[in-house]
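Written out below as structure tokens is the structure these notes cover.
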Protein chains: 2
Amino acid sequence: MPPPSLPSPAVDIQNLSRSCNRILILSTLSSGPHHGYQLAIEIEEKSDGAFRFQHGTLYPILHKLEREGLIRGDWMVERSRRRRKSYRLTEAGDQYLQEQTAGWHEFLDRFAHVVERRKS
Amino acid sequence: MPPPSLPSPAVDIQNLSRSCNRILILSTLSSGPHHGYQLAIEIEEKSDGAFRFQHGTLYPILHKLEREGLIRGDWMVERSRRRRKSYRLTEAGDQYLQEQTAGWHEFLDRFAHVVERRKS
DNA sequence: CCTCTATATATCGAGCCTCTATATATTAGC
DNA sequence: GCTAATATATAGAGGCTCGATATATAGAGG
């Protein structure tokens, strides 16, 4: 079945938080598979503690991304290890990430055009 | 009386939309007084139609900014003109705008640090 | 062996914010 | 006088994040 309709790929001012959270996660996954807990830790470290995913935020986002077919999670069961769900980027997810990144830059340009030039 | 406690001056991933909306408005006001309707039109034009304030979004934000003492609105009643409320930036608002702008750039740096370098 | 902490995932309710829709009033054009 | 554009205001609905809570396992220490 086709993935449920994606949230609009455009980066709007109304959904910046969601866009950023999704980009952070997808972008991190683009460097290789991660499980949820690991994503939160890595993103927090890379941002010097600025971007901290609460658990109640992270997992619902992951579930939604998976429902949309942008990421895929597989349960990893190794001995002497807690069960973990390893997520990796799908091809659709990779494409979506590129669109979102482009949309993000476009947003920044427009925003700067309205804001920055007033400084003088 | 002191203004009600401001939303944290830091630009967090959780309140990007609000931060951006506030920066757009305060920044536009920093170039001179505007009334609400005029703000919406000017911001929409400067952004090539990307940032459109719905009325139900704009006015509550203006009211909140005024309650917080960041802007001040005065009713202008001229003959042969509808009554309008002219908003201008207060000193506190100007300082807040600078903090928010700095916070916004800091946020962008951190975000880029997590996201951008994965491209290669 | 048992407890505590860290790892790991999951979900619910509350709160905040924006959007849509609706309401009111005035001015200008037809 | 009627309609459209100007101008402000607010209530209700929906989406998203957060804080709290729950469950379960592995490793460390007593």
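Lettering of chains follows the sequences in order, A, B, ..., and the numbering in each one begins at 1.
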* To do: Mind checking Gly36(B) for me? I need base, sugar-phosphate or nothing, with any heavy atom below 4.0 Å counting as a touch.
  => sugar-phosphate
* Using heavy atoms to find the nearest nucleotide of DNA chain C for His35(A) and Gln14(A) separately, return the residue whose nucleotide is more 5′. => His35(A)
* Kindly say if Asn21(A) contacts the phosphate of dT17(D), meaning a side-chain N or O under 4.0 Å from OP1 or OP2. => yes
* **side-chain hydrogen bond (donor to acceptor under 3.5 Å, both in side chains) against Glu66(A), all qualifying residues, sequence neighbours excluded** => Lys85(A)
* Hey, where does DNA chain D pair up into stems, meaning at least three consecutive Watson-Crick or G-U pairs with distances under 3.5 Å? -> C:1-30 with D:1-30
* Starting at CG of Asp74(A) and ending at C1' of dT9(C), how long is that distance when rounded to a whole Å? -> 16 Å
* side-chain contact (heavy atoms from CB on, under 4.5 Å) partners of Glu44(A), counting only residues at least two apart -> Arg52(A)
* Where the side chain of Tyr37(A) is defined as all heavy atoms beyond and including C-beta, which of dT18(C), dA10(C), dT7(C) is the nearest nucleotide? -> dT7(C)
* By side-chain contact (heavy atoms from CB on, under 4.5 Å), which residues pair with Pro33(B), not counting sequence neighbours? -> Ser86(B), Arg88(B)
* Is there side-chain contact between Phe111(A) and Ser47(B), with heavy atoms separated by less than 4.5 Å? -> no
* Asked: Whole-Å distance between dC18(D) P and Asp12(B) CG?
  -> 9 Å
* Structure fact -> When rounded to whole Å, the CG to C1' distance for the pair Leu16(A) and dT17(D) reads 14 Å
What does the list of N/O pairs under 3.5 Å between the protein and nucleotides 1-4 of chain D look like, with a distance for each?
none

* Asked: For Ile13(A) and dC16(D), what is the distance between atoms CD1 and C1' respectively, to the nearest whole Å?
  -> 16 Å
* With sequence neighbours excluded, what pairs up with Arg83(B) under the salt bridge (Lys or Arg N to Asp or Glu O under 4.0 Å) test? -> none
* To do: Could you tell me whether Arg72(A) and Glu91(A) have a side-chain N and a carboxylate O separated by less than 4.0 Å?
  => no
* Structure fact -> Residue set satisfying side-chain contact (heavy atoms from CB on, under 4.5 Å) with Ala92(A), at least two apart, ordered chain then number -> Leu70(A), Thr90(A)
Return the polar atom pairs (N/O with N/O) between nucleotides 22-25 of chain D and the protein under 3.5 Å, or none.
unit_1	atom_1	unit_2	atom_2	d
dT25(D)	O2	Arg82(A)	NE	3.2

* For Glu106(A), side-chain hydrogen bond (donor to acceptor under 3.5 Å, both in side chains) partners two or more places apart -> Arg110(A)
* Between Arg22(B) and Tyr96(B), is any pair of side-chain heavy atoms under 4.5 Å apart? -> yes
* Below 4.0 Å: OP1/OP2 of dT9(C) and any side-chain N or O of Tyr59(A) -> yes
* Residues in side-chain contact (heavy atoms from CB on, under 4.5 Å) contact with Asp94(A), at least two apart in sequence or another chain -> Leu89(A), Gln98(A)
* dA7(D) phosphate, OP1 or OP2, under 4.0 Å from Gln38(B) side-chain N/O -> no
* To do: Considering just the side-chain nitrogens and oxygens of Lys64(B), establish if one lies under 4.0 Å of OP1 or OP2 belonging to dC17(C).
  => yes
* **Comparing Ser86(A) and Pro60(B) on DNA chain C - which has the more 5′ nearest nucleotide** => Ser86(A)
* Structure fact -> For Glu45(B), the salt bridge (Lys or Arg N to Asp or Glu O under 4.0 Å) test, sequence neighbours excluded, returns none
* To do: Indicate whether OP1 or OP2 belonging to dT17(D) is found under 4.0 Å from a side-chain N or O atom of Gln54(A).
  => no
* All side-chain hydrogen bond (donor to acceptor under 3.5 Å, both in side chains) counterparts of Asp109(A), not counting sequence neighbours -> none
* Asked: For the pair made of OH in Tyr87(B) and P in dA7(D), what is the distance, rounded to whole Å?
  -> 14 Å
